[in-house]
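All of these numbers come straight from a predicted model, not from anything done at the bench.
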Amino acid sequence: MASLTPSLAPRPPVLQGVASGIIAAIGYEIGLAIGGLWRLLELPQPRGPRLIRLRFGALALTVPVLLVAFRESTAWRNATRQVAGLAPLDQGNTLTIAAVALSVACLLWALFRLFWALTRRIETPLRRVVPYRIAQATSLILGLAIFYLAIEGTAIRYAFRAADSTMEAADRFIDPDLPRPETPQKTGSPASLISWDQLGDTGRSYIATAPSAEEIAALKGAPALAPIRVYVGRTAARSAQARAELALRELIRVGGFDRSVLVVVSPTGTGWMDPDAFDTLDFLMGGDVATVAVQYSYLSSSLALAAHPELGVEQAQALFDVVHDYWSGLPRDKRPHLYAFGLSLGAYNSQMTLPLLDMLGDPIQGALWVGSPFLSPMWRYVQDQRWPDSPPWHPRFGNGSLVRTMTQFDGPAPQATPWGPIRLIFLQYASDPIPLFSLGTALRRPDWLRYDRPADVSPQIKWVPVVSMLQTALDMLIALQVERFGHYYVAEDYLPAWRDLLDPQGWTAETTDRLLTALKARRAARD
């Protein structure tokens, strides 16, 4: 029943059925585990007629609860869809949910029975040589180890290798609709240090779709430059350090250090560069900006973090270090303002590698981190040290001179203290489960449920032990469905974040409205 209650992300019926089946199977096994612990402690157990009455009583309670849950499930799911701005579902999806949930629960039940059969097989000979309880504990540990090695050592690794190979093949595909740039100042051109095929699919799209100087000038009503975008694909060099050094040489070649703003970007797992983020930046700065990024994986962020978490951090560290070292050696009055940017896993990698304390003598100007995952060290620190009256999705930190946070509905809170020498901005939607997830939710109510719900979170969400943690984990996998909701960040919210970070000149309310219209049109054309 609890698995059907509202969550952060709207779920299609099949996925809801999968979630319900998983939660039902886990709940059943937890009940068995409690019973096993009861017997292990040799506590009194009901037997005979009393046991039969208890079982019939549990069945009599369970059936009505299930009927009520399935009757209310559509209304519960529509509560989430309503805040996401989606059309409501009808009652007909309930049978689909029930069928999928039953199938998934039965499959998991069979896997659990296989596991317990394995532990009994190990336990039986152990009882002959060690005490009963030691045999039980040992068989459980060995059974878990065997299952872990079988799943993680074979199935999961094979799946990761297969996914990596498939995504690598897709990344090598060259879209004929993306013409190779001929301008020497463009990465991927004949004059570039990185060939067109070495950019990868995401890099080629990022370079080819950059707005031109003419587009920017027409919108701004003033002369503009063509923005500089440097991107190095994973195949361009063997190591993270070599790719970073190649990116630096290319950035120098195209004049990236001659622009007024330079942004070091840590992309998502696949190397994807969100067009809404960088189109907004390019227009806002009148093209007087350079961005540089290096790809480190072909997998999506969640898979990349699970398969090789060290690669993203290693690449982000190498790129930032080589760029910062070169930048810090330039005359201060002739070098660009330097910023860091990261979205999703890129935000985590960027925060892991930004040496704030080590560069206080010559600091960068700031960073914009969007949708920071729950593991991100700086994001967690800001949440933990926030003002008590501020919610965890929009925390107020210190006096606002170093850190400010934003959502799609609330910009940075008015600050009595102006910005200091470093500006750090966190952009996060309250409905984004990726920054809010916590394993601790399994046992205690999370902080984000202790406050009044914002407009993009259903007021009907309630905390249920274990279930709420599993629901949020599943929500992370489906958080990219709806614009300005969940993990789907858009230009309308990048714009105020970039403006507060960079403080560009010459943008009136009228030109800002024209910019938003243009950015929405570019997004619609991509979609």
message: Counting only heavy atoms from other residues, nucleotides and ligands, does the tally under 6.0 Å from CD of Q365 exceed 12?
response: yes
task: Over all heavy atoms of both residues, which pair between R259 and G287 is shortest? Give the atoms and the distance, please.
output: NH1-O, 2.6 Å
- line: Rounding to 0.5 Å, atoms CH2 (W448) and CG (L436) come to a distance of 6.5 Å
field: Side-chain donor/acceptor of S390 to backbone N/O of P395, under 3.5 Å
entry: no
- request: Check whether any side-chain heavy atom of T511 lies under 4.5 Å from a side-chain heavy atom of L219, and answer yes or no.
  value: no
- prompt: Has the side chain of R234 got a donor or acceptor atom that lies under 3.5 Å from a matching backbone atom of G200?
  reply: no
field: Heavy-atom donor-acceptor pair, R335 side chain to D333 backbone, under 3.5 Å
entry: no
- prompt: Has R523 got more than 12 heavy atoms of other residues, nucleotides or ligands less than 6.0 Å from its CZ?
  reply: yes
task: Starting from the C-alpha separation in whole Å, work towards a yes-or-no answer on side-chain contact (heavy atoms from CB on, under 4.5 Å) for D288 and V261.
output: CA-CA 7 Å; D288 188 17; V261 167; over 6 Å; no
message: Donor-acceptor check, side chain of D447 to backbone of P392, threshold 3.5 angstrom: yes or no?
response: no
- prompt: Can you name the closest pair of heavy atoms from R243 and Q315 and give their distance?
  reply: NE-OE1, 2.9 Å
- request: Identify the two heavy atoms, one from Y231 and one from L199, that lie closest to each other, and give their separation to 0.1 Å.
  value: O-CD2, 2.9 Å
- prompt: Parallel, tilted or perpendicular: which describes the rings of W498 and F341, with under 30° parallel and over 60° perpendicular?
  reply: parallel
task: Show your working on side-chain contact (heavy atoms from CB on, under 4.5 Å) between L262 and L251 and close with a plain yes or no.
output: CA-CA 10 Å; L262 171 59; L251 189 62; 3.8 Å; yes
- request: State yes or no: are the ring centers of F409 and W393 separated by less than 6.0 Å?
  value: no
- request: State whether the side chain of T472 and the backbone N or O of S468 hold a donor-acceptor pair below 3.5 Å, judged by distance alone.
  value: yes
field: Step-by-step side-chain contact (heavy atoms from CB on, under 4.5 Å) determination, D503 to R423
entry: CA-CA 11 Å; D503 194 21; R423 304 182 179 190; 3.9 Å; yes
task: Please assess Y429 against D493 for the test side-chain contact (heavy atoms from CB on, under 4.5 Å), listing each intermediate value before the final yes or no.
output: CA-CA 10 Å; Y429 296 163; D493 305 307; 2.5 Å; yes
- request: Take the angle between the ring planes of H324 and W327 and call it parallel below 30°, perpendicular above 60°, tilted in between.
  value: tilted
- prompt: Is a donor on one side and an acceptor on the other found under 3.5 Å between the side chain of Y296 and the backbone of P267?
  reply: yes
query: Going by heavy atoms in the side chains, are S266 and F320 under 4.5 Å from each other?
result: no
query: Just by distance, with hydrogens left out, do E250 and S192 show a side-chain donor and acceptor under 3.5 Å apart?
result: yes
message: Angle between ring planes, Y494 versus Y489, binned at 30° and 60°: parallel, tilted or perpendicular?
response: tilted
- prompt: Under 6.0 Å from the CG atom of D452, do we count more than 12 heavy atoms belonging to anything else shown?
  reply: no
- prompt: Do D362 and R332 touch side chain to side chain, with heavy atoms closer than 4.5 Å?
  reply: yes
- request: Ignoring hydrogens and angles, tell me if any N or O in the side chain of T80 forms a donor-acceptor pair with the backbone of S7 under 3.5 Å.
  value: yes
message: Tell me if a side-chain donor or acceptor on R380 pairs with a main-chain N or O of L375 at a distance below 3.5 Å.
response: no
statement: For L319 and A293, the nearest pair of non-hydrogen atoms, with its separation, is CD2-CA, 4.0 Å
query: If you look at every heavy atom in D456 and Q408, which pair is closest and at what distance?
result: OD2-NE2, 2.9 Å
- prompt: Can you tell me how far CG of L424 sits from OH of Y339, rounded to the nearest 0.5 angstrom?
  reply: 11.0 Å
message: Measuring only between side-chain heavy atoms, which start at C-beta, is E314 closer than 4.5 Å to L311?
response: yes
query: In Å, rounded to the nearest 0.5 Å, how long is the span from CD of E215 to NZ of K220?
result: 15.0 Å
- prompt: Are side-chain heavy atoms of F397 and Q385 found at a separation under 4.5 Å?
  reply: yes
task: Look only at the side chain of R81 and the backbone of A87, and say whether a donor-acceptor pair between them is shorter than 3.5 Å.
output: yes
L495 side, atom CG; L515 side, atom CG - distance, nearest 0.5 Å: 5.5 Å
query: Would you say the side chain of W369 lies within less than 4.5 Å of the side chain of S376, judging by non-hydrogen atoms?
result: no
Reported CG-to-CH2 distance for the pair N399 and W387, which is rounded to 0.5 angstrom: 8.5 Å
- prompt: Among L343, V490, L281, which residue meets the side chain to side chain contact (heavy atoms under 4.5 Å, CB included) test with D276?
  reply: V490
- prompt: When rounded to the nearest 0.5 angstrom, what distance separates CD in Q16 from CZ in R11?
  reply: 5.0 Å
- request: Taking Q428 for its side chain and H394 for its backbone only, find out whether a donor-acceptor pair lies under 3.5 Å.
  value: no
field: Heavy-atom pair of closest approach, residues V230 and A247
entry: CG1-O, 3.9 Å
field: Side-chain H-bond candidate by donor/acceptor type, T405 with R386, under 3.5 Å
entry: no
- prompt: For the residue pair Y326 and F257, does the interplanar ring angle fall in the parallel (under 30°), tilted (30 to 60°) or perpendicular (over 60°) class?
  reply: tilted
message: For a 4.5 angstrom cut-off between non-hydrogen side-chain atoms, does K520 reach E483?
response: no
query: Do R229 and D282 touch side chain to side chain, with heavy atoms closer than 4.5 Å?
result: yes
